[in-house]
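The first residue of the sequence shown is numbered 1, and numbering continues consecutively from there.
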Amino acid sequence: MKLIKKTMLLLGLLVAVFAFSAFAAPKAVYAADTETVAEEEEANDDATGAKAVAAAVAIGLAALGGAIGMGMLVSKSTEGIARQPEAEGKIRTTMIMGLAFVETVVIYALIVSILVIFVL
């Protein structure tokens, strides 16, 4: 259990590092600057690339967390049904509701990733 907590903490820190680069604004270009058009386009490409990496990491971590959660949920509900077959209906109902909630969190992460790519 400690390994899972340490791994999740490490992944959270990794997402935080990528989030800073995704939300970083490109340098403003003023008429007095001597920046060329190519340098300005390169800065915009860097910002777009950082957004893409941040969105990919965010949805990847959400999918990983959701898959782990779903796997644990199904495993424990299967164990519960094996131990108490008479409670199968209640366990299955609770399992399906839990799966829906976990999947909702992954869908929210997908929406946030799409917003990072296209809106920010």
Side-chain angles (χ1 to χ4, degrees):
M1 196 64 171
K2 286 184 180 182
L3 180 64
I4 292 175
K5 288 181 182 179
K6 287 180 183 179
T7 305
M8 295 306 278
L9 179 65
L10 180 65
L11 291 176
L13 292 173
L14 193 67
V15 168
V17 167
F18 282 117
F20 285 126
S21 63
F23 293 117
K27 273 186 8 184
V29 177
Y30 300 103
D33 285 343
T34 58
E35 235 181 28
T36 63
V37 175
E39 290 173 344
E40 178 184 346
E41 288 178 2
E42 183 179 335
N44 287 337
D45 286 343
D46 288 344
T48 304
K51 288 179 187 179
V53 168
V57 169
I59 194 64
L61 289 177
L64 176 70
I68 291 171
M70 286 182 190
M72 291 174 63
L73 185 67
V74 171
S75 169
K76 296 299 179 180
S77 64
T78 304
E79 282 182 25
I81 291 171
R83 290 181 185 187
Q84 291 183 330
E86 65 275 0
E88 178 184 1
K90 288 183 180 181
I91 294 172
R92 185 185 314 130
T93 302
T94 305
M95 178 189 70
I96 290 177
M97 286 180 58
L99 288 173
F101 291 139
V102 170
E103 191 65 32
T104 302
V105 172
V106 176
I107 291 172
Y108 286 153
L110 175 65
I111 291 170
V112 168
S113 296
I114 290 171
L115 288 174
V116 165
I117 291 173
F118 293 112
V119 175
L120 296 179

* Asked: When rounded to the nearest 0.5 angstrom, what distance separates CD1 in Ile81 from CD in Glu86?
  -> 11.0 Å

* NZ/Lys76 to OG1/Thr94 distance, rounded to the nearest 0.5 angstrom? ->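 Here the interatomic distance stands at 16.0 Å.
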
* Asked: Residues in side chain to side chain contact (heavy atoms under 4.5 Å, CB included) with Ile114, at least two apart?
  -> Leu110, Phe118

Tracing side-chain links under 4.5 Å among I, L, V, M, F, W and Y, which residues wind up in one group with [X]?
X      : result
Val119 : Ile107, Ile111, Leu115
Val106 : none
Met95  : Met70, Leu73, Val74, Ile96, Leu99, Val102

* **Set of side-chain hydrogen bond (donor to acceptor under 3.5 Å, both in side chains) partners for Gln84, sequence neighbours left out** => none

Below 3.5 Å, can you tabulate the donor-acceptor pairs from side chains in residues 57-65 to any protein atom, sequence neighbours excluded?
none

